[in-house]
There are 2 protein chains.
Amino acid sequence: MPVTIKVNEEVFTPRQQAVLTAALDLLVENGDGLTMTAVARRASCSKETLYKWFGDRDGLLTATVQWQAAKVRMPQVSRTGLTAKTLRLSIEQFARDLLTVITGEVSITLNRTAVTHAAQEKDSLGIIVLENGPLAIRRRLKPILEAGRDARLLRFDSSEDAYRTFFGLVVRDVQIRLLLGDKSLTQSNVTDNIEADVKAATDQFFALYGAKATV
Amino acid sequence: MPVTIKVNEEVFTPRQQAVLTAALDLLVENGDGLTMTAVARRASCSKETLYKWFGDRDGLLTATVQWQAAKVRMPQVSRTGLTAKTLRLSIEQFARDLLTVITGEVSITLNRTAVTHAAQEKDSLGIIVLENGPLAIRRRLKPILEAGRDARLLRFDSSEDAYRTFFGLVVRDVQIRLLLGDKSLTQSNVTDNIEADVKAATDQFFALYGAKATV
DNA sequence: CGGCAGCCGTACCGTACGGTACGGTTCCAA
DNA sequence: TTGGAACCGTACCGTACGGTACGGCTGCCG
């Protein structure tokens, strides 16, 4: 029996997933120049099938982004047995996940595609990327932060503000520079420093929101 | 005598600037769909002239972005007579400038254009935008930060790290959400809160890097 | 006044690509 | 065995757009 993956009410057969994989590969390789003919050739299928399955080019693009974005599932962090140590480890893990994702080639490609799309009054891809990127992190981080506050380990009025500050401390200018193609941020150049950046961002976050914080 | 503006060794006549203005307007209006025919019609010039002046479509795009990006000149902040009060006002001013710029429609358009361009293995536009956006801020902020350190008002090892943290505290997730077309961040929604965000970011920056900071 | 340079407007060309049509093949089910 | 559904490969169509060519207008300079 074929294994299907359910994504936002959309179900893709293995054959369709192979097509989407081909489309994603082409996106990552050739940047924005994704043509239907290229996808059909890469996936060894006919264009007619592409249009039958995905409607039009936008539908294929949306399916590809949606399918891939949903695959970025970051490991869940338990909120049980919350101590100062486990809380800090959780925060660090979130920072590490966030940095690892946004510096990845696939994430850069998807974000660029969505930004390009948004430049044409189409926001559907942007919403999908946002929903599976920053907002996914937020959904999972907020409960942890609030548990930390309940345990008197963190202090803040708005968990939304705390989350956004965390995002800023971790991401800083890395994402926009990567999206703009800054060559001085090579892949290794960033990934090599992830651990140090994670620690620094976590330190700063606790300095601002830790129970003993002065702000 | 015609007034010309010199931009990175490029000089544009008033007529050429009118063409670039038309191109920028179209870019802001129609997003990415900038066609040579549309620019020619809007600027009431012939396509032949466009190609004569700018070489090709990419040249026109580059000239437009370069010309407009260079116009974003943020007010200089004096570093003389540095006191705790003036330092704080300077930092706040930088935060305000940064937020005002990145939330502007023109900035969003230019960044989107550059990101789209970067998705096609062309990084020239990205470099221009980076150079005139984040890096311009950095060039002007770093001396202030270092003067603050010299005056024992700030504490940090690396002014680069301090700058990047400042960037993160100020920008947070606003820019990426705007680039992705997040509808929940309407223009007014953001601009109305700029002052509060500026104050919050500055408070946090001083909490982390002020002379009495605990980190 | 005559020639020429610059430019406008428009027509034109070539190509790339989105989308459609269709013949041929495989496979399943009646 | 046969009908048909799904799909592959390819050929095809229409259009949009980058880039070129050219005729006509204007204004400057000798």
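In what follows, chains carry the letters A, B, and so on, assigned in the order in which the sequence lines appear, proteins first and then strands, with residues in each chain numbered from 1. These figures come from a predicted structure and were not determined experimentally.
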Between the protein and nucleotides 19-21 of chain D, list the N/O to N/O atom pairs that are separated by less than 3.5 angstrom.
residue : atom : partner  : partner atom : Å
dG19(D) : OP2  : Arg57(B) : N            : 3.0
dG19(D) : N7   : Lys47(B) : NZ           : 2.9
dG19(D) : O6   : Lys47(B) : NZ           : 2.5

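Side-chain nitrogen and oxygen atoms of Trp53(A) include at least one within less than 4.0 Å of the OP1 or OP2 phosphate oxygen of dC7(D). Contact check, Thr49(A) against dC8(D): a side-chain N or O comes under 4.0 Å of OP1 or OP2.
Between Leu50(A) atom CG and dC7(D) atom P the separation is 11 Å, expressed in whole Å. At whole-Å resolution of the value, CD in Gln16(A) and P in dA6(D) are 12 Å apart. Rounded to a whole Å, the CG atom of Leu61(A) is 15 Å from the P atom of dC17(C). Residue Arg41(B) contributes atom CZ, which lies 12 Å from atom P of dA11(C) at whole-angstrom precision.
Against DNA chain C, the stretch residues 116-127 of chain B makes no heavy-atom approach under 4.0 Å. Taken residue by residue, residues 20-32 of chain B places no heavy atom nearer than 4.0 Å to DNA chain D.
Among the heavy atoms of the strands lying under 4.0 Å from Leu34(A) are primed sugar atoms or P, OP1, OP2 only; no base atom is included.
Closest approach to the Ser44(B) side chain among dG9(C), dG18(C), dG18(D) is made by dG9(C) (side chain taken as heavy atoms from C-beta onward). Distance from the side chain of Lys52(B) is smallest to dG6(C) among dC7(D), dC8(D), dG6(C).
Formation of a donor-acceptor pair under 3.5 Å by the Arg149(B) side chain with backbone atoms of Phe156(B) is found in this model. The backbone N or O of Ser184(A) sits less than 3.5 Å from a side-chain atom of Asn189(A), completing a donor-acceptor pair.
Taking the six-membered ring where tryptophan is involved, the planes of Phe94(A) and Phe166(A) are perpendicular, since the angle between them exceeds 60° and thus also 30°.
In this view, Glu131(A) and Arg139(A) satisfy the salt bridge (charged side-chain N to carboxylate O under 4.0 Å, His left out) rule, not counting sequence neighbours.
The residue from Arg138(B), Arg164(B), Glu146(B) that alone fulfils the side-chain hydrogen bond (donor to acceptor under 3.5 Å, both in side chains) condition with Ser159(B) is Glu146(B).
Shown here is Lys142(B), whose NZ atom has more than 12 heavy atoms of other residues, nucleotides or ligands within 6.0 Å. For Glu105(B), the CD atom counts as loosely surrounded, since its 6.0 Å shell holds 12 or fewer non-hydrogen atoms of other residues, nucleotides or ligands.
No hydrogens or angles considered: nothing links the side chains of Glu92(A) and Thr202(A) as a donor-acceptor pair under 3.5 Å.
Contact of the Leu60(A) side chain with the Tyr51(A) side chain is not registered, since no non-hydrogen atoms from C-beta on lie closer than 4.5 Å.
Applying the salt bridge (Lys or Arg N to Asp or Glu O under 4.0 Å) rule to pairs touching residues 49-60 of chain B yields Asp58(B)-Lys122(B), sequence neighbours excluded. Legend: salt bridge (Lys or Arg N to Asp or Glu O under 4.0 Å) pairs involving residues 107-119 of chain B, not counting sequence neighbours: none detected.
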